[in-house]
Amino acid sequence: MGTNLHLIIIVNFIFAGLVLFIISFISLHRIALFPFRLWYGRRRNYYEFQIDQISTYQEEYDIDSLKVKNIVAKLALEDVLIQCIENSEKKDNRVFTEVYERKGLVEWRIKQLKSLYVWRRRIAADLLGKSLSRKAIVPLIVSLRDKDVDVRLIAARALGKIEAGSAIDYIISLIRDFPEKKCPTVADILIDFGEDSIPSITKALDSPDNKTRFWCVRALSEIEITDKTNLQDLEGKLVKLLSNESNRIRAYGAISLSKIGSPDKLRQIRKLLGDGSSLVRAKAASALGILRNPEAIDDLIKSLGDKIWEVNYSASRALVEFGRQIVNKLEQGLKHPQNIVRKRCKELLGELERNGMA
Amino acid sequence: MYSLLTLLAYFEVRSQRKRSFIDDYTYLRRSKLTPGISLLVPAHNEETTIVEAIKSHLRTNYPKYEVIIINDGSTDKTIEVLREEYKLKKIYRVIQTCIKTRKVKGYYISETEPNLVFIDKVNGGKADALNAGINAARYHYFMSIDADVILEKDAMLRVMKPLLENPEKNFAAGGIIRVANGCIVKKGEIKEIKLSRKPLPIFQVLEYIRAFTAGRAGFSKLKSLVIVSGAFGAFNTEQTRRIGGYEHKTVGEDMELLVRLHRRLRERKIKKYNIFFRAYPVCWTEVPETLRILGRQRNRWHRGLCDVISRHKRMIFNPRYGPIGLFSMPFFFLFEYLGPIIEMIGYIYLIYLTAFSIVDWPFFLAFLALAILWGMLLSVSAVLFEELNFKWYRKWYYIAVLIIFAIFENLGYRQLTVLWRIYGFYDFLRKKQAWGAMPRKGFQSVKS
């Protein structure tokens, strides 16, 4: 009993010691960080005021008079500038980018793109993108070949933010080696480039790599296309993709084709309503809604009876696009032998009535 | 075990914090590729908090979503409050009734908020309400959220991120729940994080850090997470429909769903799947401030746990179910299910031994001190965890208060929770199913 008691008392002292140690650590942690936070906070407040003066008086303010003496000042100024760039309108943020460049922050971060520490390279690429400085384009394109996949991704994102059209081909080439979860970001970058990315996407559709083709066609399906002239090459490639072995490519190929193709592409897309994949059938239904060719109405009403919810839902959304044209057909659909078709026709008539179309 | 979990959780949360830098939520927020999500908000007698909660949900910066409020037979003014606030209008709607629920009286849309859908149904319990919401959900993912919680603006983006990265393998994700008592709320948004002035919510802050944050992050690191909180969790709609939705005959429906999901997947020999806990999407909830309501809540939680353990007892120590069967389920069985009973027997036995002079007073006091100091160490570690990873409580004063409460937590409060849990176990054996009334105070709003 004596030995056990001594053991318990020793353990008690250890636990009590640990509790005191943790409490002391928390207190010291706060105390140690306090001066740095205070210093950083004061520098930041100073730069906020100065940047506000710059944006108000612009050419009258002498940017060279803004002193950046040490690393804390650099970080504080950079933080303020990035915040200003992110919060301002596109037309107004040029002045902040100019300060960023003239105070040597761009060169500082470009040097860090070659750092041995991967986190430093990631942070540098991210901040260069946020700075919107076009001086960073070439170094960032070089970073697209970095051995770390996250540096490559962040560099691509940065180039997207800077709107570096010259980098689109390089960005598309990343898809082949990227893990699947990173590819949506690349697709988003292509979507942000808008119609400028169409020539590069058209080229990439010839790629032997299905992953590259899919993500290009996925991006294409979301791009708003206003100028549909000179897209015959792209149209031809998309028609070929409708018979690709990948259901994802067939599905989004249909959407993309409906966005750029002429209404006579209806026949190719209608065939996909009988595809074995529910994803393809659903997207084909959506594509017919985009094309708005009245010849597709009967096929879409038939698709309302598809067993897969996503397909019949897509068909109903597509039919709504036709507006008043479908009212008679929907009323006929109320007598359809399939219950789900009757229900959906009733729902659609109700919706058109609410929207003042029935 | 708790200290091991806390240590693992620390590394998991640090890693997630670092990764959140790479995961650019700006793109996700603006992206046209981001799939839609249906927010299911079951509501039963939530007149005081529902409007603020819905405002916070509608404020989210997630690009594509719908908010489905399911009124589960409320007897207070929940419907009237919502009708007045959002100008609800009845519609006819075709849904797929994959899961049987009690009768749905009607579907409504809002004339002012296009993303809002309201379902009015006969009372059937939270699980039944969620199932009605799942039937009506239009998107591939749904998120169950309690009616008395406030979401941070980008909470949905953060909790959905892992699901979007690999939709074929990632089936569910949960986020952190924090205590809103004492915080300033304005227009459905937490404006200032403060500690409550009452002792019970402060004790619960520590419990939530320890159990929800440290515990679940640790389980997530070990790929053996068995609970995604019903207050804030995202799931794949199709997978949930396939397994029949939430079980309505239990009060622990959130844990039961996840355990059943694990079980069905493992029984179908699907081993490569993930269920995540994310440390940074934050959801704020109002916790009980009185002993009576807190006792009811803990009683219900423990009944839910007992029910889940009982339903899925074949998974315990069963290698067929992988880390769930070999680690999570035994953990919950031994430390959570049996834990309060063993602890209470321990106290009683120690008192008995001392009273009958089988052990002497110094031994009794030393052993009691050991139990209390161990609890203190865990509680203070929770404060350290909060300080290193989150720093939500910026003022010195709040951290000092948390430390003091961490020390005193094990001098009465913890023993009280043990008593409630034992009573919950007794109610479970009596097959009690009721939730118990949980009256809300409402969030403290800023006065203009």
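All values below were derived from every heavy atom in this structure, side-chain atoms included, with hydrogens, water molecules and symmetry-related copies excluded. Owing to the predicted nature of the structure, the values given are computational and were not obtained by experimental measurement. The sequence lines fix the lettering, A, B, ..., with proteins before strands; numbering per chain opens at 1.
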Let me know if A/E86 has heavy atoms under 4.5 Å from chain B in its side chain, its backbone, both or neither. neither
What do the steps show when you test A/F13 against B/L373 for side-chain contact (heavy atoms from CB on, under 4.5 Å), and what is the final call? CA-CA 9 Å; A/F13 272 110; B/L373 279 169; over 6 Å; no
Is it true that atom OH of A/Y40 has more than 12 heavy atoms of other residues, nucleotides or ligands lying nearer than 6.0 Å? yes
Under 3.5 Å, is there a donor-acceptor pair between the side chain of A/N12 and the main chain of B/A366? yes
Is it true that, when you exclude B/K391 itself, more than 12 heavy atoms of the residues, nucleotides or ligands shown sit nearer than 6.0 Å to its NZ? yes
Report the residues that fulfil salt bridge (Lys or Arg N to Asp or Glu O under 4.0 Å) with A/E163, sequence neighbours left out, ordered by chain and then residue number. A/K90
Per-residue contact mode, A/I191 against chain B (heavy atom under 4.5 angstrom): side chain
Going from CD1 on A/I22 to CG on B/L377, what distance comes out if it is rounded to the nearest 0.5 angstrom? 5.0 Å
Would one find more than 12 heavy atoms of other residues, nucleotides or ligands at under 6.0 Å from atom CZ of A/R248? yes
I'd like to verify something: which residue of A/N312, A/I31, A/T185, A/V11 has the highest number of heavy-atom pairs under 4.5 Å with chain B? A/I31
How long is the straight-line distance from CG of A/D188 back to CZ of B/R29, given to the nearest 0.5 Å? 12.5 Å
Considering residues, nucleotides and ligands other than A/F214, do more than 12 of their heavy atoms fall under 6.0 Å from its CZ? yes
Measure the CD1-CZ distance between B/I372 and A/F15 for me, rounded to the nearest 0.5 Å. 13.0 Å
Would A/F21 and B/L384 count as a side-chain contact (heavy atoms from CB on, under 4.5 Å) if you check the C-alpha gap in whole Å, the side-chain angles of each, and the deciding distance to 0.1 Å? CA-CA 11 Å; A/F21 172 74; B/L384 178 66; over 6 Å; no
Using a cut-off of under 4.5 Å on heavy-atom pairs, state which of A/E347, A/K343, A/R30, A/K346 scores highest against chain B. A/R30
Which bit of B/I404 is near chain A, if near means a heavy-atom gap under 4.5 Å: side chain, backbone, both or neither? neither
To the nearest 0.5 Å, how far apart are CD1 in A/I23 and CE in B/M376? 9.0 Å
Can you tell which part of B/I407 gets under 4.5 Å to a heavy atom of chain A, answering side chain, backbone, both or neither? side chain
Please determine, among B/L370, B/V380, B/T34, the option with the most heavy-atom pairs under 4.5 Å with chain A. B/L370
Might you point out which heavy atoms bring B/F363 and A/L5 nearest each other, and give the distance in Å? CA-CD1, 3.6 Å
Value for CD1 (B/I403) from CD1 (A/I26), rounded to nearest 0.5 Å, stands at 4.5 Å
So which part of A/R37 gets closer than 4.5 Å to some heavy atom of chain B, the side chain, the backbone, both or neither? side chain
Return the option, out of B/E387, B/K89, B/R30, B/H140, with the maximum number of heavy-atom pairs under 4.5 Å with chain A. B/E387
Measuring from B/K169:NZ to A/K181:NZ, what's the distance to the nearest 0.5 Å? 11.5 Å
side-chain hydrogen bond (donor to acceptor under 3.5 Å, both in side chains) partners for B/N170, two or more places apart: B/N274
For A/I340, is it the side chain, the backbone, both, or neither that has a heavy atom closer than 4.5 Å to a heavy atom of chain B? side chain
